[in-house]
Number of protein chains: 2
Amino acid sequence: MEVTNKYIVIKHHVEDAPKQSNFELKTKAFALSVESGSDDIIVKNLYISIDPYQINRMKSYSSSQGTINFAVPITPGEAIDGAVIGKVVASGNAKFQKDDLVMGVFTWAEYSLVKEGNIIKKLESSEFPLSYHLGVLGFNGLSAYAGFFELCKPLKGEKVFVSTASGAVGNLVGQYAKLLGCYVVGCAGSQKKVALLKEKLGFDDAFNYKEETDLNSTLKRYFPDGIDVYFDNVGGEMLEAAVANMKAFGRVAICGVISEYTSAGKRASPNMLDVVYKRINIRGFLAADFLNVFEDFSTKTSDYIRTGKLKVIEDLSLGVESIPSAFVGLFKGDNIGKKIISLTEE
Amino acid sequence: MEVTNKYIVIKHHVEDAPKQSNFELKTKAFALSVESGSDDIIVKNLYISIDPYQINRMKSYSSSQGTINFAVPITPGEAIDGAVIGKVVASGNAKFQKDDLVMGVFTWAEYSLVKEGNIIKKLESSEFPLSYHLGVLGFNGLSAYAGFFELCKPLKGEKVFVSTASGAVGNLVGQYAKLLGCYVVGCAGSQKKVALLKEKLGFDDAFNYKEETDLNSTLKRYFPDGIDVYFDNVGGEMLEAAVANMKAFGRVAICGVISEYTSAGKRASPNMLDVVYKRINIRGFLAADFLNVFEDFSTKTSDYIRTGKLKVIEDLSLGVESIPSAFVGLFKGDNIGKKIISLTEE
């Protein structure tokens, strides 16, 4: 059997803020059968994860180049790959059977032809919605958990600041911090997001950075005694202001710097004199380095969700056609929580 | 008995590169006797440590303000204090006797009136020249030792880059790294310094940064496979270039950022995308936080000096009058090794 498969490509490298015109929806005849004994596996994609870091793979020169598996540059004209959950349609590999649910690095497409090496794991349990495994129970959750607990080593009562706090990772960092007993302030880009943080996610306070003219003073207002832990998703001026407001022995986890992904001119220049005198530790990390705590993260987080202590915020769009606007929207702050493309109405 | 005591003050706050005209030599009648039973101790100063960090205490607003003991702002018109070694002339405090050798935070002067709290320790041993206790066996040495070993956790064979490598701290970091079995490259500001690093101190390589036009390419040339450990004394563009050339899991110890002390416009903007993807750890520190390893540092370093494995580079000037030019010279790269003012010809 053969279908017409829809998939998304970039037309050319993307150097600045992404636009929908950078992307193209392509179609191609696609066989849903495989030769038995081959390693080929056909997956019908159900949920596609949309993540800001992908922009770094779309540049002509990528910092991520060659560093880790899923950070290989994306070639214009070829289907983009990323984290996806799908159902096996046909498999030449004896380890995978028709109807198996699998998560892995597949294409931004309706159907993907994958090899065993592209599959990260089978999803056996169905206690939670499948899509959770792309966000709160997947790499976003692990980023939040490992970046906060393993890197920042927070203590109960410490003062925590989170940027892009309504984003896929930030909202979880804030919730983990509250569960530990920290004082947590988040920033986001709209009043609606600020309300979500304070009213639904239990942040102690939150502000709309777009309404602030001097971030340094803003942070001084929210943290009169200084910040112990800054979980950075944004970089740029926010990182500078956070460093200026850190306490002695403050810890900064750099999870992402979305404000620096699309405009090289806006790099953060944190005051290194503060870094010295306040003995600040600034550390970049990737969730992939913390697979050793995955089990611990997964058990605790599942329990928090089960007992209602942790809220899951997802932002779904429907269909492969919606990928370009969903991706572009990440850089305009359109999403609230984890951005996911659903290809199913199950 | 009374003498005319000479001491050094700043006339006003110093915001930019220091000039000799910022300083003034003052004189004052000074009694060499104390009331018995008082806490007063009179010290004849023998060696005065001249350190770049003092510029931060001379600013109208200091980042170091209140953070630690010896980082209190300096008041214009009042004698500047810093690390000094001297001999007790008279003491009302029973713990200190005439002719005791003491190290502490005293004034930039011929004589200082001090309290017990200003004295860090008595110097009992005379195995090494007294001045070593202000440099290689004092806080500079501890900065090098703790910053390198404790923060950077270097491994034998790793690639180490040191800036201001002929300075008081940098030359020791490079020598410690060589003793551990690392590959070490230093940068300095003259051919004479470069020759010292390569020929006398055993650095694997060294370069004069003033002759380089693109530091990023320079570091790529010296570290084609990347840098594991960068010990930063300079900040600014060198820090940016080092971060761009770090290997995955590279460590950056920020000991000082002399290029940023005097010109706020030249702050480093390291590429945070590199920091994330290469999981770089940037950490500021103060030697004072590592007193727990002082004994270990002191024993090992004394042994290295005794056996000739570690060379001691001092740069002495004579007399209180020479302090302003010595201090100003630090920011022009005049000194080679530890800058010390000698007030004795013993």
If we define contacts as heavy-atom pairs under 4.5 Å, which of B/V252, B/D232, B/V276 has the most with chain A? B/V276

For residues B/V275 and A/R283, report the shortest heavy-atom separation together with the two atoms involved. CG1-C, 4.4 Å

Distance from B/F249 atom CZ to A/F285 atom CZ, nearest 0.5 Å? 12.0 Å

Output the distance between atom CG (B/L273) and atom NZ (A/K59), rounded to the nearest 0.5 Å. 5.0 Å

Can you tell which part of A/L239 gets under 4.5 Å to a heavy atom of chain B, answering side chain, backbone, both or neither? side chain

Note: B/Y277 and A/N56 closest approach over all heavy atoms is OH-ND2, 3.7 Å

Taking atom CD of B/E237 as the centre, report whether more than 12 heavy atoms of other residues, nucleotides or ligands fall under 6.0 Å from it. no

Please identify, among B/V257, B/N281, B/L151, the residue contributing the most non-hydrogen atom pairs under 4.5 Å to chain A. B/N281

State, to 0.1 Å, how close B/R267 and A/P270 come at their nearest heavy-atom pair, and which atoms those are. CD-O, 4.0 Å

From OG (A/S269) to CD (B/E260), nearest 0.5 Å: 8.5 Å

Does B/E150 have more than 12 heavy atoms from other residues, nucleotides or ligands lying within 6.0 Å of its CD? yes

Which portion of A/I254 sits near chain B, non-hydrogen atoms under 4.5 angstrom: both

